[in-house]
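Order of the sequence lines fixes the chain letters, A, B, ..., with proteins taken first and strands second; residue numbering starts at 1 for each chain.
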There are 2 protein chains.
Amino acid sequence: MPSATVENYIKKILVLSLDTREGQVGMGEIAKGLEVAAGTATSMIKNLERSKLVRYKSRQGVTLTAKGRKLGMDMLRRHRLVETFLVETLGLDWTEIHQEAEELEHAISEKVLDRLDKFLGRPEYDPHGDPIPTKDGKFAERRIRNLLECQSKQPRTIKLLTDQSTDFLNFARRKGLVPGTSVEVTNRDLISDAVELRVGNKKPFTLGSKAAKKILVSS
Amino acid sequence: MPSATVENYIKKILVLSLDTREGQVGMGEIAKGLEVAAGTATSMIKNLERSKLVRYKSRQGVTLTAKGRKLGMDMLRRHRLVETFLVETLGLDWTEIHQEAEELEHAISEKVLDRLDKFLGRPEYDPHGDPIPTKDGKFAERRIRNLLECQSKQPRTIKLLTDQSTDFLNFARRKGLVPGTSVEVTNRDLISDAVELRVGNKKPFTLGSKAAKKILVSS
DNA sequence: GATTTCATTTTGATTAGTCAAAGTCTCTTC
DNA sequence: GAAGAGACTTTGACTAATCAAAATGAAATC
Ligand SMILES: [Mn+2]
Ligand SMILES: [Mn+2]
Ligand SMILES: [Mn+2]
Ligand SMILES: [Mn+2]
């Protein structure tokens with residue numbers, strides 16, 4: 001059985017690789033993402049290679065093997081189902097569940113996970129709007145883009161916030177920017193680096209491009 | 001924060017000490033109970049002493065400090081609430097939940113535990129009939145005895161099976177000896193070392209003293 | 001009282017995961 | 001193409017948890 005540490009590395013590599021054309025992830029991203037020293041990551045990656053979970057080219061990067069991708073998807077499934085449970089069933093707040101799930105994901109057996117999945121009604125998205133992989137490691141489609149890429153004057157539904165720090169999530173909630181809410185881009189000005197948007201019937205307000213990029217919506 | 005290992009040691013010491021007049025637990029019991037080598041237990045106990053969780057007299061035994069007892073009770077609470085959740089909410093079988101809870105108990109935060117407790121309706125007993133400590137570490141009263149100590153001809157209710165191995169639990173279930181069921185001791189013969197009992201309206205059968213001792217009932 | 005036995009403790013080693021700091025590459029920049 | 005900057009790797013050291021096997025102590029037996 002992989003240790004919790006191994007599971008965390010593989011999950012991180014998977015998530016990072018999803019944003020990358022060729023699925024190759026740099027050592028620095030991994031170290032930073034897991035808040036460990038660079039050398040720690042290098043030595044851990046060599047372990048993972050010995051376990052055939054990743055392929056590793058020195059000074060180039062890391063890619064998951066099929067085995068690694070399977071484990072990573074499984075971890076994502078665990079993490080997101082647990083998050084869904086914490087919000088849906090226990091009524092916790094979606095801004096504070098990430099850390100909880102970070103621990104629970106390693107402690108939950110396959111059997112318990114299946115029961116949980118059933119109990120929750122086989123949800124497709126977690127409380128942050130992230131898709132929950134199915135048991136055989138398939139992702140539900142996403143079909144969403146960030147607010148910076150949206151043309152104006154069309155209602156959109158918020159699906160996902162990519163920055164899940166408590167600070168950002170709190171800001172988002174204050175503005176009503178929670179998954180499921182309907183928003184409309186009322187104006188875009190790429191020169192001044194800003195997007196104006198309206199949430200429901202409230203007064204429109206302006207968002208910088210950095211923040212706008214973190215908010216994913218479906219048309 | 002105590003590691004999962006520390007939590008396991010303290011929980012084991014607490015449970016062992018509950019069966020002992022003076023609350024003192026021998027090194028051998030601890031090592032055996034946790035399935036580690038004797039020397040491993042000795043060295044771990046010294047750690048626990050440094051952390052002020054136990055008092056330790058070389059070659060005599062170990063007792064919990066107030067701090068240790070508090071942690072132990074907390075672990076028992078976690079363990080038993082998780083077990084209750086697994087059976088009540090997810091519908092798992094009470095013969096197979098112990099190991100699951102053994103992992104989950106370390107991964108669950110105070111906040112999640114409280115929500116779970118509330119969600120479950122603040123249960124007082126776990127699926128094995130063990131009392132669940134309250135948040136401030138108080139045990140519900142037990143008022144139950146084992147079947148070997150019972151006088152005949154009086155209906156009793158099964159409260160707890162002290163041997164929680166899968167084998168014993170399966171045997172017990174086959175015989176209908178599950179918590180909540182009503183039984184009656186129809187005959188006791190201490191010389192032949194046996195207890196005869198009837199479950200509901202079924203035909204009475206005989207139990208050896210070892211097994212009888214493992215079944216706790218309330219009058 | 002000497003001896004044996006058995007539980008316990010000590011010793012020496014191992015493994016996973018980690019860090020700081022020193023060393024090495026590789027890609028820009030001039 | 002030499003130099004420098006930054007990313008990456010290596011090295012040496014540390015901690016928690018563990019085991020096997022040797023040493024020790026205390027109680028029971030002779
Ligand atoms: Mn994790
Ligand atoms: Mn999530
Ligand atoms: Mn445990
Ligand atoms: Mn139990």
Are any of B/Ser3's side-chain N or O atoms less than 4.0 Å away from OP1 or OP2 of D/dA17? yes

Write down the distance between CE (B/Met44) and P (D/dT18), rounded to a whole number of angstrom. 7 Å

Tell me whether the side-chain N/O atoms of B/Tyr56 come closer than 4.0 Å to OP1 or OP2 in C/dT8. no

Residues A/Asp114 and A/Lys118 bridged, charged N to O under 4.0 Å: no

Please determine whether a side-chain nitrogen of the Lys or Arg among B/Glu105 and B/Lys11 lies less than 4.0 Å from a carboxylate oxygen of the Asp or Glu. yes

Distance check needed: D/dA7 C1' versus A/Lys57 NZ, whole Å only. 18 Å

Would you kindly give the CD-to-C1' distance between B/Glu49 and C/dT9, to the nearest whole Å? 14 Å

Just say parallel, tilted or perpendicular for the rings of A/His98 and A/His79, cut-offs at 30° and 60°. tilted

Do any side-chain nitrogens or oxygens of A/Thr5 fall under 4.0 Å of OP1 or OP2 in C/dG17? yes

With a cut-off of less than 4.0 Å, is there a side-chain N or O of B/Thr40 near OP1 or OP2 of D/dA17? no

note: B/Ile30, atom CD1; D/dT18, atom P; distance rounded to Å ~ 13 Å

Taking only side-chain N and O atoms of B/Tyr9, does any of them lie within less than 4.0 angstrom of OP1 or OP2 on D/dA16? no

Atom-pair distance (CD1 on B/Ile45; C1' on C/dT9), nearest Å: 13 Å

Closest to the B/Ser58 side chain: C/dT9, D/dC8, D/dT18? C/dT9

Could you check how far CG of A/Leu48 sits from P of C/dT18, rounded to whole Å? 11 Å

Please determine, for the side chain of A/Arg59, which listed nucleotide (C/dG23, D/dA26, C/dC19) has the closest atom? C/dG23

With sugar-phosphate meaning primed atoms plus P, OP1 and OP2, does B/Gly39 contact a base, only sugar-phosphate, or nothing at under 4.0 Å between heavy atoms? base

Is the Lys NZ or Arg CZ of A/Lys214 less than 6.0 Å from the centre of A/Phe168's six-membered ring, within 45° of the axis? yes

Is it true that B/Arg78 and B/Glu102 have a side-chain N and a carboxylate O under 4.0 angstrom from each other? no

Atom CD of A/Gln60 and atom P of D/dC8 are separated, to the nearest Å, by 11 Å

For B/Leu34 and C/dT8, what is the distance between atoms CG and C1' respectively, to the nearest whole Å? 16 Å

